Amino acid sequence: MMTRRGFLKSGLFASLIPSVFPQKTSNDLVRSRGNPTVISTWVQGIEANKDAMRILRKGGMAIDAVEAGVRVPEGDPNIRSVGFGGRPDEDGHVTLDACIMDSTGNAGAVAFLQDIKHPISVARKVMDRSDHVMLVGEGAKRFALAHGFKEENLLTDESREEWLKWKENMSSTDDWGPNDNHDTISLLAQDKKGNLAGACTTSGLAYKIHGRVGDSPIIGAGMYCDNDIGAAGATGRGEAVIKTAGSFLVVELMRQGRTPQEACEDALRRIIKRKNGNPNFQIAYIALRIDGEYGAAALKDGFKYALNSSGTNKLIDVKGMLS
Ligand code: GLY
């Protein structure tokens with residue numbers, strides 16, 4: 001049995017310090033009010049933030065803002081990793097994943113949804129109109145159609161051409177191919193009352209196996225919101241995010257006293273460790289705490305996030321932890 005002295009010397013004690021003696025507990029955090037904030041992943045976040053902020057500035061709710069925000073890239077065929085125009089799976093089907101969560105802990109999600117342009121609004125409907133959290137595939141589509149969503153072809157000519165080239169070469173690493181083919185948008189917002197919400201939506205990994213679902217529609221993986229602490233969202237290789245319950249972990253680390261930045265970094269460290277220090281994919285997290293503090297971290301260089309707060313909407317470069 002380990003002696004008390006041995007325990008103290010072993011380092012186990014030190015590793016428990018942050019959770020036993022949090023630097024800043026949820027009781028210490030003062031909710032930010034009156035200064036709405038939106039934070040979202042990648043360059044498409046800039047336009048998404050604008051629509052979200054328009055709602056917040058008028059005194060609207062964070063949940064309405066996050067939905068409106070991510071609908072922008074979902075409807076834009078030039079954003080090739082989300083919604084309409086998103087890259088298809090290996091069979092040429094555009095299959096979409098999304099989730100949404102509000103300040104009361106209510107949540108909705110859809111996965112493997114086809115032919116519906118705005119999966120985030122279907123996820124919202126699941127949240128508002130059913131007592132379920134997640135609908136998938138044909139059932140999600142039937143639910144959407146029943147609630148008045150329109151059936152549409154989401155595969156644009158550009159995405160189809162690219163997919164055909166991939167099929168001919170069976171490679172996504174040629175110079176014609178997508179460089180980073182899963183630039184999911186996660187968007188977090190805090191409204192004037194200080195309430196939080198989050199949304200996450202994607203067409204997932206390009207040319208994935210038909211039926212593959214990533215982290216984005218999974219509450220706690222692609223996104224998580226706890227109105228007592230903060231919200232977090234993910235982008236990048238979904239499998240690794242799911243296996244570490246990524247966004248939930250970021251929020252729980254903030255609960256233990258980490259700053260949003262530290263929480264994002266610590267959550268990524270778990271992935272780095274599991275991949276023996278050398279993950280061959282990109283993952284990034286964004287986080288927004290109830291006191292208005294925000295942060296982000298990425299495994300590799302190239303990740304940017306969009307921040308809209310105090311009258312400015314800017315893109316911020318994140319240096320990769322492994323760079
Ligand atoms: N993060 C998006 C996905 O892996 O599907």
Side-chain angles (χ1 to χ4, degrees), residues 39-45 48 66 70 73-74 79-91 93-101 109-114 119-120 122-123 134 136-137 140 154 159 163 166 172 177-188 198-224 231-250 264 267-268 270-271 274-275 279-287 296-300 302-306 318 320:
I39 177 170
S40 60
T41 55
W42 302 109
V43 64
Q44 64 259 33
V66 297
V70 302
E74 279 185 345
I79 307 297
R80 313 288 305 291
S81 49
V82 180
F84 176 49
R87 295 190 176 91
D89 65 13
E90 64 179 359
D91 296 340
H93 300 290
V94 179
T95 72
L96 304 176
D97 302 333
C99 75
I100 192 162
M101 192 164 189
V110 289
F112 192 54
L113 175 64
Q114 296 181 58
I120 199 65
V122 185
M134 182 185 270
V136 306
L154 304 181
S159 279
W163 164 68
W166 170 80
S172 59
N179 291 325
D180 202 337
N181 61 26
H182 42 82
D183 303 346
T184 301
I185 185 159
S186 279
L187 187 147
L188 315 171
C200 181
T201 177
T202 192
S203 51
L205 198 60
Y207 321 135
K208 59 199 171 187
I209 294 173
H210 187 63
R212 181 262 188 191
V213 169
D215 59 316
S216 303
I218 299 176
I219 296 294
M223 187 274 300
Y224 192 70
T235 182
R237 184 74 192 201
E239 282 75 6
V241 176
I242 295 170
K243 286 188 249 184
T244 51
S247 293
F248 180 74
L249 177 58
V250 172
C264 291
L268 287 176
R270 302 233 179 150
I271 293 169
R274 285 195 184 176
K275 291 287 167 186
N280 63 351
F281 45 74
Q282 173 69 300
I283 292 178
Y285 290 118
I286 55 171
L299 289 177
K300 305 195 175 210
F303 175 64
K304 302 166 198 311
Y305 68 97
V318 175

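Sequential numbering from 1 along the given sequence is applied to the chain's residues. Note that ligands are numbered from 1 as they come in the structure, with each ligand's atoms numbered from 1 the same way. These numbers come from a predicted model, not from an experiment.
Of all atoms in ligand 1, listed by their number and element, those nearer than 4.0 Å to a heavy atom of S216 are 1 (N), 2 (C). Every atom of ligand 1 is numbered from 1 in the order shown, and the set under 4.0 Å from a heavy atom of G236 is 1 (N), 2 (C), 3 (C), 4 (O). Those atoms of ligand 1 with a heavy atom of G214 less than 4.0 angstrom away are 5 (O). For ligand 1, the atoms sitting less than 4.0 Å from at least one non-hydrogen atom of T184 are 1 (N), 2 (C), numbered in the order shown with element in parentheses.
Between E239 and R212 a salt bridge is recorded (basic side-chain N to carboxylate O distance below 4.0 Å).
Between the side chains of S81 and R87, no donor-acceptor pair of N or O atoms lies under 3.5 Å.
Counting only distance, with no hydrogens or angles, the side chain of D91 and the backbone of H93 share no donor-acceptor pair below 3.5 Å. In terms of modelled atom types and a separation under 3.5 Å, the side chain of E74 and the main chain of I120 share a donor-acceptor contact.
Counting heavy atoms only, D215 comes closest to atom 3 (C) of ligand 1 of the residues V82, T202, D215, I242.
Only side-chain heavy atoms of R212 come within less than 4.0 Å of ligand 1; its backbone N, CA, C and O stay farther off.
Between F112 and H210, the distance separating the two ring centers is shorter than 6.0 angstrom.
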